[in-house]
Amino acid sequence: MESRARIGGHPIHPMLVPFPIALWTTSFVADVIFYFQRNSSFLFVAKFLLAAGILGALGAAVVGFIDWMAIKDQGAKKVANWHARLNMLALILFLLSFFFRLGRYGGLVGHHLTIPFCLSAAGVILISISGYLGGELAYRYGIGLSLKAGAPVE
């Protein structure tokens with residue numbers, strides 16, 4: 001199924017998803033480094049990586065929704081629904097993690113950042129599972145692919 005949201009014949013959703021994945025994962029890595037180094041700069045970096053990942057995820061979600069509406073195959077739709085649910089849940093977890101890092105709420109968890117750290121860890125696990133499902137959509141069901149006449153299909 002060819003993507004409806006595309007630029008120059010290329011689907012936009014797969015172009016955008018690496019950004020929130022990389023930003024959120026790097027934010028989590030900054031949290032882990034903070035636990036060992038106790039350098040508050042890592043907390044600052046983690047917070048802004050979370051925010052950038054949230055913005056990137058919103059952009060990816062818009063074009064992902066456009067592609068989701070065009071899916072007709074029931075098997076692909078079921079996988080796409082789980083992919084979307086996991087991504088929405090991950091976005092909520094990362095939003096909460098970001099919220100707990102803000103100004104007056106930073107004191108709620110202190111320098112240990114247990115709540116935001118756990119929320120981010122759960123979010124990274126969810127986007128990993130969701131990324132696998134996204135691969136299933138692309139490589140098993142051909143979502144987002146544009147097959148030319150005569151091209152082999154496996």
Side-chain angles (χ1 to χ4, degrees), residues 1 3-7 10-71 74-145:
M1 181 205 91
S3 173
R4 290 196 178 178
R6 57 186 185 265
I7 295 175
H10 299 284
I12 299 171
H13 185 68
M15 291 182 210
L16 296 180
V17 294
F19 294 102
I21 292 169
L23 290 163
W24 286 336
T25 303
T26 307
S27 172
F28 179 70
V29 169
D31 283 342
V32 170
I33 293 171
F34 169 77
Y35 273 101
F36 292 106
Q37 300 292 320
R38 294 296 177 189
N39 181 338
S40 62
S41 297
F42 287 106
L43 297 179
F44 180 78
V45 168
K47 179 171 38 175
F48 284 95
L49 289 171
L50 274 173
I54 290 165
L55 294 175
L58 293 173
V62 169
V63 292
F65 180 70
I66 292 169
D67 287 346
W68 176 84
M69 290 190 309
I71 298 174
Q74 289 306 309
K77 190 69 138 188
K78 182 178 178 181
V79 173
N81 287 342
W82 277 107
H83 176 69
R85 287 180 193 123
L86 291 175
N87 283 332
M88 286 187 288
L89 182 56
L91 177 59
I92 291 167
L93 292 177
F94 287 118
L95 279 165
L96 287 171
S97 179
F98 179 74
F99 175 76
F100 282 123
R101 295 167 194 261
L102 294 177
R104 62 186 174 154
Y105 297 101
L108 176 67
V109 290
H111 265 351
H112 295 291
L113 291 173
T114 304
I115 294 171
F117 178 81
C118 290
L119 290 168
S120 290
V124 168
I125 291 168
L126 288 176
I127 62 171
S128 298
I129 297 167
S130 179
Y132 172 81
L133 294 176
E136 285 287 298
L137 290 169
Y139 298 113
R140 175 182 276 182
Y141 294 103
I143 303 298
L145 300 180

For [X] against [Y], the heavy-atom pair lying closest together:
X: Leu137; Y: Ala76; answer: CD2-O, 3.4 Å
X: Phe98; Y: Ala51; answer: CE1-CB, 3.7 Å
X: Asp67; Y: Ala5; answer: OD1-N, 3.4 Å
X: Asp31; Y: Arg101; answer: OD2-NH2, 2.6 Å
X: Ala57; Y: Trp24; answer: CB-CH2, 3.4 Å
X: Ala30; Y: Phe42; answer: O-CB, 3.5 Å

How far does [atom1] of [X] sit from [atom2] of [Y], to the nearest 0.5 angstrom?
X: Leu58; Y: Leu91; atom1: CG; atom2: CG; answer: 5.5 Å
X: Ile33; Y: Thr26; atom1: CD1; atom2: OG1; answer: 9.5 Å
X: Leu133; Y: Ile129; atom1: CG; atom2: CD1; answer: 8.0 Å
X: Ile71; Y: Arg4; atom1: CD1; atom2: CZ; answer: 10.5 Å
X: Ile92; Y: Leu126; atom1: CD1; atom2: CG; answer: 10.5 Å
X: Gln74; Y: Asn81; atom1: CD; atom2: CG; answer: 9.0 Å

Is it true that Phe117 and Tyr35 have ring centroids separated by less than 6.0 Å?
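Yes: the rings meet the under 6.0 Å criterion.
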
Ring centroid separation for Phe44 and Phe48, is it under 6.0 angstrom?
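Phe44 vs Phe48: aromatic centres under 6.0 Å.
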
Evaluate whether atom OH of Tyr141 has more than 12 neighbouring non-hydrogen atoms of other residues, nucleotides or ligands under 6.0 angstrom away.
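Atom OH in Tyr141 is packed in, count exceeds 12.
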
Parallel, tilted or perpendicular for His13 and His83, by the 30°/60° rule?
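Plane angle over 60°, so perpendicular.
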
Would you find a donor on one side and an acceptor on the other, under 3.5 Å apart, between the side chain of [X] and the backbone of [Y]?
X: Asn87; Y: Ile127; answer: no
X: Ser97; Y: Leu93; answer: no
X: Ser27; Y: Leu23; answer: no

Are Thr114 and Phe100 side-chain neighbours, meaning at least one heavy-atom pair lies under 4.5 Å?
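No, their side chains stay 4.5 Å or more apart.
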
Kindly indicate whether the side chain of Val124, heavy atoms from C-beta on, has any atom under 4.5 Å from the side chain of Phe94.
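Val124 reaches Phe94 side chain to side chain.
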
Could Arg38 and Phe34 be counted as a cation-pi pair, given that NZ or CZ must be under 6.0 Å from the ring centre and within 45° of the axis?
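Checked: cation-pi criterion met.
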
Is there a side-chain contact (heavy atoms from CB on, under 4.5 Å) between Glu136 and Ile143? Walk through the geometry before answering.
CA-CA 9 Å; Glu136 285 287 298; Ile143 303 298; over 6 Å; no

Among all residues two or more places apart in sequence or in another chain, which pass the side chain to side chain contact (heavy atoms under 4.5 Å, CB included) test with Pro11?
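Side chain to side chain contact (heavy atoms under 4.5 Å, CB included) check on Pro11 returns Ser3, Pro14.
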
